[in-house]
Chemist: 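Below is the structure I would like to discuss, written out as structure tokens.
First the proteins, then the strands, lettered A, B, ... as listed; each starts at 1. Any value given below was found using the heavy atoms of this structure, including those in side chains, with hydrogens, waters and symmetry copies removed.
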There are 2 protein chains.
Amino acid sequence: MAKPVVPEEARRRRRPTRQGVVLSERLIVETALRMLREHGSAGLSARRLGAALGADPSTLYRYFDGMDALTLAIGEELIGRALDGWAVTGQWRHDLRELGLRIHGAYLSHPQAAVLTAGRVTGRPREIAADEAVLGILRTAGFPDPEAVLIYHAFIDQSLAFAALDAGALALTEPSRSSDEGQWESTYARLPADEYPHIAATRRLLAARMNHSAYPVALDMLLASAEARLQALRAG
Amino acid sequence: MAKPVVPEEARRRRRPTRQGVVLSERLIVETALRMLREHGSAGLSARRLGAALGADPSTLYRYFDGMDALTLAIGEELIGRALDGWAVTGQWRHDLRELGLRIHGAYLSHPQAAVLTAGRVTGRPREIAADEAVLGILRTAGFPDPEAVLIYHAFIDQSLAFAALDAGALALTEPSRSSDEGQWESTYARLPADEYPHIAATRRLLAARMNHSAYPVALDMLLASAEARLQALRAG
DNA sequence: AAGATAAGGTCAATGGTGTTGGCATAAGGA
DNA sequence: TCCTTATGCCAACACCATTGACCTTATCTT
């Protein structure tokens, strides 16, 4: 840690860059997101980001202490976007479903960024806010604390895990665009039917399915199971 | 792609390296795994791997066309280890549970490697074998094909997604070893109780829970939900 | 057994990366 | 208006993956 990073709110002397740009944490994160979208996850580097901002790469170290910290900031931004405009209705199952799909969607809308950040738990404000919201929904719904914590954990980790997985797949295939459906079809068709009878028997269904995310299905199964537990608790 | 890579089974002239080591795909992958375990995921580089093997880094390109291909080979090796010794008993729920935990476990036993490879679907032999097995279990259990495909997809992606997520967490905290339990405890304790009442109320439970993987819980919920569907199908 | 062929190991070089210490300059407080 | 120092810039370091040319020697052919 060579140079101390000044926290954003304490910045006073905003000196414009040689090319006239006035930097800020926000500007840097947004530019990084744009670069990730346009040039892929390998396309983000201190040098390129610096160039895009019209600033020397080393200047970034005045704002983040290392690329890793920048990555975390990007993750926080994505979580924030997922929560924007989300509101609790009081129907716990609906609310959780909505939140899950939003998180998943926010990450998938920036797959290249998601690849870098999902799985990195940041502990930053907006992430904590999401945790608090989920716990609140479950406890209000009537789950006893131990149960609520268990389900909260499964729910949030499953959402992030699928977001990362699906984003990874998207980030990989996006370059080779041509994939649509036909790719899986041919992948499965290539396998010898006698050696892989079950795959062969469901070839069509598989090809149609594998182009979508399994997250909505997994999410609904998790929520259904939670509801069953809740009813069992009420009954017994 | 400058130099064509000779497939392993077609290799004839195995010339020992200057330091006397006879290379092979297997040896390289195993050495890479060992290096990942010992020096972390950032510790694997062509140069270091070459050094560890007693060979010039460029030699690796005779075996894999790029570090990316090596990564895929490592992933295939991990899946293979998960399947080693696994056998179907005929009780579908037990079998799937076992397989899921094995996959998850195999990845977690090499977290640094898992970070690199999970999420990269390879389509290599052992991976396809796992897919066929899962589909077989579900269809034999009585799930109609569309249902079987849906659940197969959710199951396998859930396993891989959690493996990647948990491995990532493990790979990160391993360097700073000291994390055990106390870290989460203090993380939650630091939050103002009036702003985060639900977190505050369940602080203890959370601290105890967050050190474990949510996968077993999520897996059981998915399987429970699948069983409910199967019974509904049989009844109606 | 001798020679030809080319697989496979090595060398050197290219253009990329994150990161740092020192320096210069201008912003904002006095 | 002057001083302080935050902040941008420069040059350098050590690392990275990858490649093309070269050389050596294991294997095949005759």
Chemist: Tell me which of A:Leu23 and B:Gly66 sits closer to the 5' end of DNA chain D, going by the nucleotide each one is nearest to.
Modeler: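 Nearest nucleotide further toward 5': that of A:Leu23.
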
Chemist: So which atom in B:Val115 and which in B:Gly168 form the shortest heavy-atom distance, rounded to 0.1 Å?
Modeler: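 Scanning both residues completely, I find the closest heavy atoms to be CG2-CA, 3.7 Å.
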
Chemist: Which ones in residues 30-44 of chain A lie close to DNA chain D, meaning a heavy atom under 4.0 Å from one of its atoms?
Modeler: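 When residues 30-44 of chain A is checked for heavy atoms under 4.0 Å from DNA chain D, there are no hits whatsoever.
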
Chemist: Rounded to whole Å, please give me the gap between CE in A:Met67 and P in C:dT19.
Modeler: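 The distance from CE of A:Met67 to P of C:dT19 comes to 7 Å, rounded to the nearest Å.
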
Chemist: Across the strands shown, which category fits B:Thr59 at heavy-atom distances under 4.0 angstrom: base, sugar-phosphate, nothing?
Modeler: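 Base contact.
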
Chemist: Just the rounded figure in Å: distance from P of D:dC16 to CG of B:Leu70.
Modeler: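 Computing the B:Leu70:CG to D:dC16:P distance gives 15 Å.
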
Chemist: Considering only NZ, NE, NH1 and NH2 on the basic side and carboxylate oxygens on the acidic side, decide whether A:Arg14 and A:Glu8 come within less than 4.0 Å.
Modeler: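 Yes, A:Arg14 and A:Glu8 are salt-bridged.
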
Chemist: The side chain of B:Arg62 is closest to which nucleotide in this list: D:dT7, C:dG9, D:dA17?
Modeler: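 The answer is C:dG9.
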
Chemist: Does any N or O in the side chain of A:Gln112 come within less than 3.5 Å of the main-chain N or O of A:Gly40, such that one atom is a donor and the other an acceptor?
Modeler: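 Here the side-chain-to-backbone pair does not exist.
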
Chemist: What integer distance in Å separates B:Glu9:CD from C:dA7:P?
Modeler: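 That distance rounds to 15 Å.
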
Chemist: How do B:Tyr63 and A:Tyr61 order along DNA chain C: which one's closest nucleotide is nearer the 5' end?
Modeler: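 Closest to the 5' end, via its nearest nucleotide, is B:Tyr63.
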
Chemist: Please report, rounded to the nearest Å, how far the C1' atom of C:dG18 is from the CG atom of A:Asp68.
Modeler: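 To the nearest whole Å, that distance equals 12 Å.
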
Chemist: Step by step, work out the side-chain hydrogen bond (donor to acceptor under 3.5 Å, both in side chains) result for A:Tyr188 and A:Thr202.
Modeler: CA-CA 9 Å; A:Tyr188 290 122; A:Thr202 53; over 6 Å; no

Chemist: Report the distance from atom CG of A:Leu53 to atom P of D:dC9, rounded to the nearest whole Å.
Modeler: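 So the two atoms are 10 Å apart, to the nearest Å.
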
Chemist: Picking from C:dT20, D:dG8, D:dC16, which would you name as closest to the side chain of A:Ser58?
Modeler: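 Of the options given, the side chain of A:Ser58 lies nearest C:dT20.
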
Chemist: Kindly give the heavy-atom pair with the smallest separation between A:Leu160 and A:Tyr107, and that separation in Å.
Modeler: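 Between these two residues, the closest heavy atoms are CD2-OH, 3.9 Å.
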
Chemist: Going by an N to O cut-off under 4.0 Å, is there a salt bridge joining A:Glu77 and A:Arg81?
Modeler: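 Looking at A:Arg81 together with A:Glu77, the answer is yes, because their closest N to O distance falls below 4.0 Å.
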
Chemist: Measure from NZ or CZ of B:Arg209 to the centre of the six-membered ring of A:Tyr152 and say whether it is under 6.0 Å with the direction within 45° of the ring axis.
Modeler: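 Here B:Arg209 fails the 6.0 Å and 45° test against A:Tyr152.
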
Chemist: Once you round it to whole Å, what is the distance between P of D:dT24 and CG of B:Asp56?
Modeler: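 Checked: the CG to P distance equals 15 Å.
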
Chemist: For B:Leu60 and D:dT18, give me the distance from atom CG to atom C1', rounded to whole Å.
Modeler: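 Taking atom C1' of D:dT18 as the reference, CG of B:Leu60 is at 11 Å.
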
Chemist: How would you summarise protein contacts on nucleotides 25-30 of chain C per nucleotide, using B for base, S for sugar-phosphate only and - for none, with heavy-atom distances below 4.0 Å?
Modeler: BSBS--

Chemist: Report which part of the nucleic acid A:Arg11 touches: base, sugar-phosphate, or nothing (heavy-atom distance under 4.0 Å, all strands).
Modeler: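 Answer is sugar-phosphate: A:Arg11 comes under 4.0 Å of backbone atoms only.
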
Chemist: Check the orientation of A:Phe162 and A:Tyr215. Use parallel for under 30°, tilted for 30 to 60°, and perpendicular for over 60°.
Modeler: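 Ring orientation of A:Phe162 relative to A:Tyr215: tilted.
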
Chemist: Less than 4.0 Å between a side-chain N and a carboxylate O, is that true for B:Glu38 and B:Arg48?
Modeler: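 Looking at B:Arg48 and B:Glu38, the cut-off is not met.
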
Chemist: Please evaluate the base of C:dG16 for a donor-acceptor partner in the side chain of A:Arg47 within a cut-off of under 3.5 Å?
Modeler: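 There is none.
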
Chemist: How close or far is atom P of C:dG16 from atom CZ of A:Arg48, stated in whole angstroms?
Modeler: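 It works out to 9 Å between those atoms.
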
Chemist: Over all strands shown, is B:Phe64 touching base, sugar-phosphate only, or nothing at heavy-atom distances under 4.0 angstrom?
Modeler: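 Nothing: the residue B:Phe64, judged by heavy atoms under 4.0 Å, touches no strand.
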
Chemist: Is the closest basic N to carboxylate O distance between B:Arg126 and B:Asp131 below 4.0 Å?
Modeler: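 Here B:Arg126 does not pair with B:Asp131 in a salt bridge, since their nearest N and O are not under 4.0 Å apart.
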
